[in-house]
Amino acid sequence: QVQLVETGGGLVQAGGSLRLSCAASERTFSNYAMGWFRQAPGKERDFVAAITWGGTTTDYADSVKGRFTISRDNAKSTVYLQMNSLKPEDTAVYYCAARIISGTGRRAYEYDYWGQGTQVTVSS
């Protein structure tokens, strides 16, 4: 069982930046592809970004491409989401997720483990 803990959320003004971190309990963290999703009140959980085992391939939702960057440090069993030029519509609870299958995935059902989420609020 992989446990994931997100940190780094908070309140930021539009145009600002935040960096989310997701620490995994699994020592074989490098065996998992990782993803970030977000869920706004009353909406479905949406794909944000994903990264493969070794970090060589990434994928982004169109809405965040060019503003967000996903990365990972396998030695620290941590995946990051650097968020720049934040907009009010980025406000949501952000979740990290892990999947055993290689490659990047855009659908929530493709992921095996989930964190509890961290709130990001962007004020206008």
Side-chain angles (χ1 to χ4, degrees):
Q1 184 79 10
V2 179
Q3 294 184 337
L4 304 172
V5 179
E6 304 98 332
T7 57
L11 174 64
V12 63
Q13 289 188 333
S17 298
L18 282 174
R19 188 175 83 154
L20 305 183
S21 299
C22 173
S25 62
E26 180 59 48
R27 287 184 293 176
T28 56
F29 176 72
S30 59
N31 290 346
Y32 296 83
M34 301 296 295
W36 285 96
F37 290 75
R38 65 186 181 186
Q39 188 167 19
K43 295 188 177 181
E44 294 184 350
R45 190 168 297 189
D46 292 330
F47 169 75
V48 175
I51 189 167
T52 51
W53 294 343
T56 55
T57 302
T58 57
D59 186 26
Y60 297 93
D62 288 344
S63 59
V64 306
K65 197 171 295 184
R67 300 188 297 124
F68 291 11
T69 302
I70 187 171
S71 62
R72 65 190 296 161
D73 185 338
N74 287 342
K76 296 182 178 180
S77 298
T78 302
V79 63
Y80 304 97
L81 186 68
Q82 177 67 44
M83 305 185 296
N84 298 328
S85 302
L86 282 161
K87 305 175 181 180
E89 51 263 44
D90 294 318
T91 295
V93 176
Y94 282 71
Y95 298 89
C96 74
R99 57 183 247 159
I100 297 172
I101 299 174
S102 65
T104 56
R106 289 191 165 214
R107 294 170 177 80
Y109 68 79
E110 296 178 278
Y111 289 80
D112 304 292
Y113 304 100
W114 291 84
Q116 294 298 311
T118 185
Q119 177 70 47
V120 171
T121 303
V122 184
S123 63
S124 57

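What you see is a predicted model; the values in this text were computed from it and never measured. All values below come from the heavy atoms of this structure, side chains included, with hydrogens, waters and symmetry mates left out.
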Exercise. Is a side-chain donor or acceptor of S77 paired with a backbone partner of A23 at a separation under 3.5 angstrom?
Worked result: no
Exercise. Is it true that Y113 and M34 fall in one hydrophobic cluster, defined by side-chain heavy atoms closer than 4.5 Å?
Worked result: yes
Exercise. So, does T78 use its side chain to make a donor-acceptor pair with the main chain of K76 at under 3.5 Å?
Worked result: yes
Problem set entry | Nearest-0.5 Å distance that lies between atom NZ in K43 and atom CZ in R38 | 9.0 Å
Problem set entry | Nearest non-hydrogen partners of G103 and A33, listed with the distance | O-CB, 3.3 Å
Problem set entry | CD (Q119) with more than 12 external heavy atoms under 6.0 Å | yes
Exercise. Can you name the residues that form a side chain to side chain donor-acceptor pair (under 3.5 Å) with S71, not counting sequence neighbours?
Worked result: none
Exercise. Is F68 close to D90 at the side-chain level, that is, under 4.5 Å between some pair of heavy atoms?
Worked result: yes
Exercise. Do you know which two heavy atoms are closest between A14 and S124, and how far apart they sit?
Worked result: CB-CA, 4.4 Å
Exercise. Do the non-hydrogen side-chain atoms of I51 and T104 ever get within less than 4.5 Å of each other?
Worked result: no
For this session: For the pair K65 and D62, find out whether any cationic side-chain nitrogen is under 4.0 Å from an anionic carboxylate oxygen.
Result: yes
Exercise. Ring pair (Phe, Tyr, Trp, His ring centres under 6.0 Å) with F47: which of W36, F37, Y94?
Worked result: F37
Exercise. So does Q116 have more than 12 non-hydrogen atoms from other groups sitting under 6.0 Å from CD?
Worked result: no
For this session: Show the numbers, then the answer: is there a side-chain contact (heavy atoms from CB on, under 4.5 Å) between Q39 and Y95?
Result: CA-CA 8 Å; Q39 188 167 19; Y95 298 89; 4.1 Å; yes
Exercise. Quick one: does Q3's side chain have a donor or acceptor within less than 3.5 Å of a partner on S25's backbone?
Worked result: no
Exercise. Would a hydrophobic clustering, with Ile, Leu, Val, Met, Phe, Trp and Tyr connected at side-chain separations under 4.5 Å, put V79 with Y111?
Worked result: no
Exercise. Out of curiosity, does V120 fall in the hydrophobic cluster containing V93 (side-chain heavy atoms, cut-off under 4.5 Å, transitive links)?
Worked result: no
Exercise. Roughly how far apart are E6 CD and C22 SG, rounded to 0.5 Å?
Worked result: 5.0 Å
For this session: State plainly whether one hydrophobic cluster holds both V5 and L20, where clusters connect Ile, Leu, Val, Met, Phe, Trp and Tyr through side-chain heavy atoms under 4.5 angstrom apart.
Result: no
Exercise. Taking atom OG1 of T52 and atom CD1 of I101, what is their separation to the nearest 0.5 Å?
Worked result: 14.0 Å
For this session: Give a yes/no verdict on a cation-pi contact between R67 and Y60, requiring under 6.0 Å between NZ or CZ and the six-membered ring centre and an angle within 45° of the axis.
Result: no
Problem set entry | W53 reachable from I70 in the ILVMFWY side-chain graph, under 4.5 Å edges | no
Exercise. Can any side-chain N or O of R45 pair as donor or acceptor with the backbone N or O of R107 at less than 3.5 Å?
Worked result: no
Exercise. Do the non-hydrogen side-chain atoms of D73 and Y80 ever get within less than 4.5 Å of each other?
Worked result: yes
Problem set entry | Donor + acceptor pair across side chains of N84, S17 (<3.5 Å) | yes
Exercise. Quick one: CZ on R72 to OG on S30, what's the gap to the nearest 0.5 Å?
Worked result: 7.0 Å
Exercise. Between atom CZ of R19 and atom CD of Q82, what is the distance when rounded to the nearest 0.5 Å?
Worked result: 7.0 Å
For this session: Using modelled atom types only, decide if a donor and an acceptor are shared between the side chain of T118 and the backbone of G9 within a distance under 3.5 Å.
Result: yes
Exercise. Between V48 and L81, is any pair of side-chain heavy atoms under 4.5 Å apart?
Worked result: yes
For this session: Taking all heavy atoms of A24 and all of L4, pick out the closest pair and write down the distance.
Result: CB-CD2, 3.6 Å
